[in-house]
Q: 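The structure under discussion is supplied below as structure tokens; questions concerning it will follow.
All values below were derived from every heavy atom in this structure, side-chain atoms included, with hydrogens, water molecules and symmetry-related copies excluded.
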Amino acid sequence: MRLIAVLSVTAVPILFTANSLATEAAVQHNVNNKESLQQHFNNDFKIGVAVNDEIVSGLDPLSAEIITEQFNTITIENAMKAEIVNPLPEQFNFTAADQFIEFGKNNNMFIVGHTLVWHNQTPEWFFKQKNGEQNSPEQQIERMEQHIKLVAGRYRGKVDAWDVLNEVIGDDGNYRQTVWTNVIGSGDEMAKAAFTFAAKYAPNTELYYNDFNAWKPAKRDGIVKMIKMLQREGIKIDGIGIQAHWGLNFPERHYIEEAIDTYAALGLKVMITELDIDVLPFTKEGQVIGQGFMHPQFQEQEFKAYLDPFTHHLPAVIEAKLAARYAELFEIFQAKREKIDRVTFWGLHDGMSWKNDYPIPNRTNYPLLWDRQLQPKAAFKALFN
Ligand code: GLA
């Protein structure tokens, strides 16, 4: 982390430096000296942030301090994903996940576990037999149960809600051809199994479906179809997370409103999850799916200058657009507050955002409310208007 590097080269008493910086940050980030985000949206919805390992382990006390003041719910960015907690059959790693729970409990926050069943960041061994052959559908369902038992079971009574199933519907409204669906052989069976096992190993816990592009009408209708199928089967599902990896120019307001209304009509809690606003070429216009832009050619100088134009700072005019976009979104969310249970940002400050490396690595993006020096941006201030 860049921030940590800066702190540790100051050589002189690090503890003292960190503490005084923390105090300074605490004074400066609450710019209007009146309210925090959680106070401001107290009557509307929970307000949350994704945290990383540095924050929950105590290595980044400045971010931790801002988070405990400003937010009342947290989601863990990576540490509960399958590739981290169980990378190999007999290898387990719950260090950061345990610290996440402790951080949330100590600060009295609503704790969202993320995520039990997803095709990304899941190790290959999950889908194979010992002899290297692909699992049968029955073996794959069994693997799913063991995984959910391992993770949801460990945090039973400690996690308030789980993102159970992540990103299984495509833009056309059908199940995506992911490794989980392919090996199990049926999207419906996969979805039913995921929520059934989650309810079994995480009783009294809210259970959610979470997806990007969930505002797109065809995809939205596919998600609705899956949820109605689960409801018909009597399988517990409590909410839907509309991932908001959005841009300055997309999605249009009416799509967001229609998605919120459509999901709420199912009787589900609606959450805006993973909120960040991309300001860079291409991705401010739409969500890029897949790894195409990871190709090294896009790191060539001639592309770089075009694709990564704000390496030193964000021009004032774009900073203002970003603030206006955030203000518009929160105006929508507040107008729909009866239907929205939670809004969660995907990270605290620009320096920690995945948007610096996806879909194109090594860019300088500005998607969040705090800048790389942990100062609140115009976008933060715009939420209080
Ligand atoms: C998806 C996942 C998140 C995260 C983002 C990128 O939206 O749900 O866990 O990996 O991609 O950071």
Side-chain angles (χ1 to χ4, degrees), residues 75-76 78-94 97-98 100-101 111-129 134-169 175-211 222-223 225-241 266-269 271 273:
T75 305
I76 188 75
N78 286 306
M80 283 179 161
K81 290 176 180 166
E83 72 172 8
I84 308 281
V85 297
N86 197 4
L88 292 168
E90 293 307 323
Q91 198 174 309
F92 306 98
N93 172 20
F94 286 105
D98 288 352
F100 164 67
I101 301 289
I111 300 176
V112 184
H114 173 88
T115 173
L116 294 173
V117 178
W118 190 31
H119 55 280
N120 282 334
Q121 295 184 261
T122 299
E124 278 182 27
W125 74 267
F126 264 48
F127 305 97
K128 291 187 176 153
Q129 305 175 35
Q134 184 178 293
N135 281 342
S136 67
E138 295 71 28
Q139 287 170 324
Q140 196 55 42
I141 297 268
E142 165 70 12
R143 174 90 289 280
M144 185 197 280
E145 176 163 13
Q146 290 311 314
H147 179 64
I148 293 178
K149 182 179 178 188
L150 175 76
V151 187
R154 182 183 181 94
Y155 298 113
R156 183 182 171 137
K158 296 180 177 164
V159 158
D160 296 296
W162 271 108
D163 286 336
V164 174
L165 188 60
N166 214 29
E167 306 182 347
V168 302
I169 302 291
Y175 284 103
R176 292 171 78 187
Q177 296 298 308
T178 72
V179 67
W180 277 108
T181 26
N182 289 342
V183 179
I184 290 175
S186 153
D188 279 356
E189 291 310 313
M190 170 192 58
K192 285 195 274 184
F195 281 93
T196 303
F197 296 140
K200 178 172 173 190
Y201 296 106
N204 307 317
T205 306
E206 293 187 12
L207 306 180
Y208 307 145
Y209 178 69
N210 185 50
D211 209 339
I223 294 172
K225 191 171 160 204
M226 177 183 69
I227 290 170
K228 284 189 167 162
M229 180 276 297
L230 292 168
Q231 291 176 327
R232 261 198 320 274
E233 297 276 332
I235 294 172
K236 177 177 154 74
I237 172 166
D238 301 292
I240 166 141
L266 295 169
L268 298 183
K269 290 189 175 178
M271 268 94 34
T273 63

Q: Does the side-chain contact (heavy atoms from CB on, under 4.5 Å) test come out yes or no for L150 and F92, once each step is laid out?
A: CA-CA 10 Å; L150 175 76; F92 306 98; 4.0 Å; yes
Q: Only one of Q121, H114, E83 forms a side-chain hydrogen bond (donor to acceptor under 3.5 Å, both in side chains) with N78, so which one is it?
A: Q121
Q: So do R176 and I169 actually touch side chain to side chain, heavy atoms under 4.5 Å?
A: no
Q: Working note: W180 + W118, criterion side-chain contact (heavy atoms from CB on, under 4.5 Å); need CA distance, chi angles, decisive distance, verdict.
A: CA-CA 8 Å; W180 277 108; W118 190 31; 5.6 Å; no
Q: For N166, is there any backbone N or O sitting under 3.5 Å from a side-chain donor or acceptor partner on N210?
A: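 Checking the backbone N and O of N166 against the side chain of N210, no donor-acceptor pair under 3.5 Å is found.
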Q: Which of these, Q140, Q139, Q146, sits in a side-chain hydrogen bond (donor to acceptor under 3.5 Å, both in side chains) with E142?
A: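 The residue from Q140, Q139, Q146 that satisfies side-chain hydrogen bond (donor to acceptor under 3.5 Å, both in side chains) with E142 turns out to be Q146.
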Q: Within the 4.5 Å heavy-atom criterion, are V159 and I111 side-chain neighbours or not?
A: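 The answer is yes, as the side chains (C-beta and beyond) meet within the 4.5 Å cut-off.
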Q: Does T115 use its side chain to pair, donor to acceptor, with the backbone of D163 at less than 3.5 Å?
A: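 Such a contact is found between T115 side chain and D163 backbone.
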Q: May I ask you to decide if G187's main-chain N or O and T181's side chain share a donor-acceptor pair within less than 3.5 Å?
A: no
Q: Answer whether the closest heavy-atom distance between the side chains of F127 and N182 falls below 4.5 Å.
A: no
Q: For the OH atom of Y155 and the CH2 atom of W162, what is their distance to the nearest 0.5 Å?
A: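 Rounded to the nearest 0.5 Å, the OH-CH2 separation comes out at 7.5 Å.
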Q: Could you tell me whether the side chain of N135 and the main chain of F126 form a donor-acceptor pair under 3.5 Å?
A: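 Yes, because the side chain of N135 sits within donor-acceptor range (under 3.5 Å) of the backbone of F126.
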Q: Check the pair T178, V168 against side-chain contact (heavy atoms from CB on, under 4.5 Å), reporting the backbone distance first and the verdict last.
A: CA-CA 8 Å; T178 72; V168 302; 5.5 Å; no
Q: Side-chain contact, heavy-atom cut-off 4.5 Å: D211 with I223?
A: yes
Q: Between Q231 and G267, is there a donor-acceptor pair closer than 3.5 Å when you use the side chain of the first and the backbone of the second?
A: no
